[in-house]
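Counting from 1, the numbers follow the sequence of the chain as shown.
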Amino acid sequence: MAQRIEDYALIGDTHTAALVGRNGSIDWLCLPRFDSGACFAALLGDSSHGRWLLAPSAPNWRTRRAYRKDTLVLETEHQVDGGAVRVTDFMTPRRGPARVVRLVEGLRGSVKMQLELLLRFDYGASVPWLRPGRHGFTAVAGPDAVELRTDVPLTIQTGSVTAEFTVWAGQREAFVLSWHPSHQEAPPRIQPWDTQRSTIRFWKEWAERCTYRGEWRDAVLRSLITLKALTYRPTGGIVAAVTTSLPEHIGGTRNWDYRFCWLRDATFTLYSLLMAGYEREAEAWREWLLRAIAGDPRDLRIMYGLAGERRFPELELDWLPGYEGSRPVRVGNDASHQFQLDVYGEVLDLFHQAAREGLPQESTVWNVELRILDMLESNWREPDEGIWEVRGPRRDFTHSKVMAWVGFDRAIRDTERFGFDGPLERWRALRQEIHDEVCREGYDEDLGAFVQAYGSKELDAAALMIPLVGFLAAHDPRVLGTVAAVERGLMRDGFVIRYDAASGVDGQTSDEGAFLPCSCWLADCLALQGRDDDAREIFERVLSVRNDVGLLSEEYGTASHRLLGNFPQAFSHVSMIGTARNLSRGVVGPADRRRKLSLSRVRRPAAGAPS
């Protein structure tokens with residue numbers, strides 16, 4: 001059985017990533033890309049679906065682990081009676097083949113170690129042919145080939161490789177796993193200890209570019225390193241997570257593939273990078289988005305593949321039992337075909353913020369925006385599947401209409417500030433029309449709050465975005481009422497859930513945990529309202545559920561006290577970065593907090609908007 005989600009740490013090479021458990025087992029790895037088939041899929045089943053265990057053979061040992069400071073190099077120390085050993089895990093930043101390196105060093109006494117390597121390509125379905133070599137072996141199955149190189153003697157049997165060896169104080173052993181296309185020669189051998197030094201240098205030099213100097217700097221930098229690890233370097237795309245089908249409720253059906261790039265995350269991500277001094281990465285992310293959405297705006301997707309692919313049909317892998325029995329296991333994501341109105345506003349907001357922050361602006365960008373605005377003008381009245389990608393009937397979601405307002409608002413601001421050409425008067429009229437409709441149809445007088453959809457009585461944490469995007473001021477009575485309603489109705493043990501899953505609005509039957517970005521949004525709203533102590537308390541609570549190496553998943557189970565959902569989750573980390581910046585007393589002072597909260601997309605209400 002796989003370990004708890006929080007028991008995993010991430011290693012990666014900016015093309016793909018692996019999850020390493022506290023028990024020394026790599027239970028998830030897709031090669032050669034994030035969205036490739038997994039060769040280690042024990043995370044969604046058991047060891048027979050592929051894993052790589054490297055740990056003491058004693059029945060009990062004590063473990064502590066941490067990343068080497070400001071890097072993605074994981075160091076795990078195992079202590080047994082009579083000795084201690086350090087295992088260092090990392091992937092080499094990709095400029096050639098994909099490589100996983102595992103180094104073993106004896107620290108004191110002696111430690112008996114065990115290795116069990118079961119390669120299972122295509123998500124555990126394909127057992128490779130194993131061919132021994134002088135220093136390791138090669139595994140081949142269809143288009144994939146993996147080579148392990150080591151000086152440790154190996155025992156090779158059908159479908160499995162094992163070893164037992166003893167490490168004494170001062171002794172070192174190395175294991176290098178490399179992927180290559182099966183029709184090509186294996187990659188050249190590397191010197192693993194030199195590679196460790198160069199990998200540490202790569203990450204430290206990247207971390208040194210961070211300009212953030214506010215509170216919680218270590219947490220912010222760890223989240224930024226995680227975002228870098230989730231970036232597909234050839235294109236600049238950033239995956240939502242490295243996993244598929246980790247459940248939002250243990251044993252439930254809310255199991256989705258997150259190894260794609262969501263447009264909705266774009267503005268949050270852009271600001272997380274810009275506010276920390278990573279302009280190159282922010283520009284690469286924007287350029288990825290431009291290439292991905294090129295073409296007819298009527299065909300705009302809510303998510304794309306790493307290189308901008310548009311089609312990834314959803315399939316169920318029935319041979320995998322799922323994480324702790326959570327089925328089905330899915331690859332691909334049919335939500336890519338949904339109509340989600342809010343995405344148009346998100347994309348236009350990203351372009352606005354990029355221009356506002358000084359990223360190079362070409363005329364072609366504005367032409368793309370104009371085409372998206374035409375599409376938005378024709379379709380903003382239509383119901384959609386909304387921010388939460390419901391698989392029930394389309395509805396007039398309040399958040400979706402707010403983001404349609406954002407799209408026109410940002411276009412107006414760009415025209416006024418940068419002199420871009422556009423039908424200003426028509427856009428102003430549309431902006432006002434949408435604003436009036438949302439305030440009339442999306443606000444419930446009896447509840448004293450904005451609701452999930454027109455005519456609904458259900459609350460939705462997405463309404464917390466209303467002051468954060470500048471639709472209404474934070475102290476507007478309707479916003480105050482909405483925040484209070486969320487605190488009353490959507491708080492679970494101090495965390496915020498998205499909405500009442502029992503309502504059936506999303507077409508699913510199982511429950512789910514608290515969505516971590518929503519708690520960050522509430523903290524941002526409370527800070528805007530001057531409730532600094534309450535905001536900081538909520539934010540510290542979010543920080544407290546990070547695992548021991550600083551990683552967050554999508555959700556947190558308030559009853560089970562466990563991380564839930566795909567892992568590590570980019571949206572959780574970018575939300576945490578923004579809230580840290582907003583609440584940091586070393587950067588934002590109480591007197592001008594409202595003005596400086598822009599790095600979390602907070603905007604003043606538009607001219608002429610009710611306040």
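- Checking Glu6 against Asn547 by side-chain atom types alone, no donor-acceptor pair falls below 3.5 Å.
- Residues Ala474 and Val479 approach most closely at O-CG1, 3.4 Å, considering heavy atoms.
- Considering CG of Leu270 and CD of Glu283, their distance stands at 10.0 Å, rounded to 0.5 Å.
- For Phe397, the ring-ring contact (aromatic ring centres under 6.0 Å, His included) test picks out no residue, with sequence neighbours left out.
- Asn255 has its side chain out of reach of Leu246: every pair of non-hydrogen atoms, C-beta onward, lies at least 4.5 Å apart.
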Derivation of the salt bridge (Lys or Arg N to Asp or Glu O under 4.0 Å) call for Glu309 and Arg301:
CA-CA 10 Å; Glu309 299 92 344; Arg301 301 300 177 96; over 6 Å; no
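- For Tyr8 and Phe567, the ring centers sit 6.0 Å or farther from each other.
- The backbone N or O of Lys457 sits nowhere less than 3.5 Å from a side-chain atom of Asp444 that would complete a donor-acceptor pair.
- Taking CD1 of Ile412 as the reference point, atom CZ of Arg410 lies at 10.5 Å (rounded to 0.5 Å).
- Environment of CZ in Arg440: crowded, with over 12 heavy atoms of neighbouring residues, nucleotides or ligands closer than 6.0 Å.
- Counting only N and O atoms by type, the side chains of Gln353 and Tyr271 include a donor and acceptor under 3.5 Å apart.
- Electrostatic pairing of Glu487 and Arg531 counts as a salt bridge here, judged by a charged N lying under 4.0 Å from a carboxylate O.
- Glu389 and Trp262 share a side-chain donor-acceptor pair at under 3.5 Å.
- Annotation for Leu490 and Arg498: closest pair CD1-O, 3.8 Å, computed over non-hydrogen atoms.
- A heavy-atom distance below 4.5 Å is found between the side chains of Arg286 and Leu350.
- With Asp384 contributing its side chain and Leu341 its backbone, the two residues share a donor-acceptor pair below 3.5 Å.
- For the residue pair Tyr212 and Ser584, the shortest heavy atom distance occurs at OH-CB, 3.6 Å.
- Not less than 6.0 angstrom separates the ring centroid of Tyr344 from the ring centroid of Trp380.
- Residues satisfying the side chain to side chain contact (heavy atoms under 4.5 Å, CB included) criterion with Ala463, sequence neighbours excluded, are Phe450, Ile466, Thr482.
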Stepwise, does the salt bridge (Lys or Arg N to Asp or Glu O under 4.0 Å) test hold for Arg428 with Glu425?
CA-CA 5 Å; Arg428 287 186 181 122; Glu425 292 308 314; 2.5 Å; yes
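- By the 6.0 Å contact criterion, CZ on Arg492 is enclosed, its count of non-hydrogen atoms from other residues, nucleotides or ligands being greater than 12.
- Checked against a 6.0 Å centroid threshold, the rings of Phe539 and Trp216 count as neighbours.
- Residues Phe260 and Phe312 place their aromatic rings such that the two centres sit under 6.0 Å apart.
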Side chain to side chain donor-acceptor pair (under 3.5 Å) assessment of Gln340 paired with Arg264
CA-CA 10 Å; Gln340 296 178 15; Arg264 183 174 294 109; 2.3 Å; yes
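- A distance of 12.5 Å separates SG in Cys518 from CZ in Phe495, rounded to the nearest 0.5 Å.
- With a 4.5 Å cut-off on side-chain heavy atoms, Glu377 and Leu430 count as touching.
- A donor atom on one side chain and an acceptor atom on the other are found under 3.5 Å apart for Thr579 and Asp524.
- In this structure, the side chains of Ile238 and Asp265 stay at 4.5 Å or more apart for every pair of heavy atoms.
- Side-chain contact between Leu348 and Glu369: present, with at least one pair of heavy atoms (C-beta onward) separated by less than 4.5 Å.
- For the residue pair Trp366/Asp414, the side-chain donor-acceptor check at 3.5 Å is not satisfied.
- At least one side-chain heavy atom of Arg478 sits less than 4.5 Å from a side-chain heavy atom of Leu472.
- A 6.0 Å sphere centred on CG of Asn367 holds more than 12 heavy atoms belonging to other residues, nucleotides or ligands.
- You'll find the side chain of Leu227 reaches within 4.5 Å of the side chain of Ile577, heavy atoms only.
- Using a cutoff of 4.0 Å between basic side-chain nitrogens and carboxylate oxygens, Arg431 and Asp409 are scored as salt-bridged.
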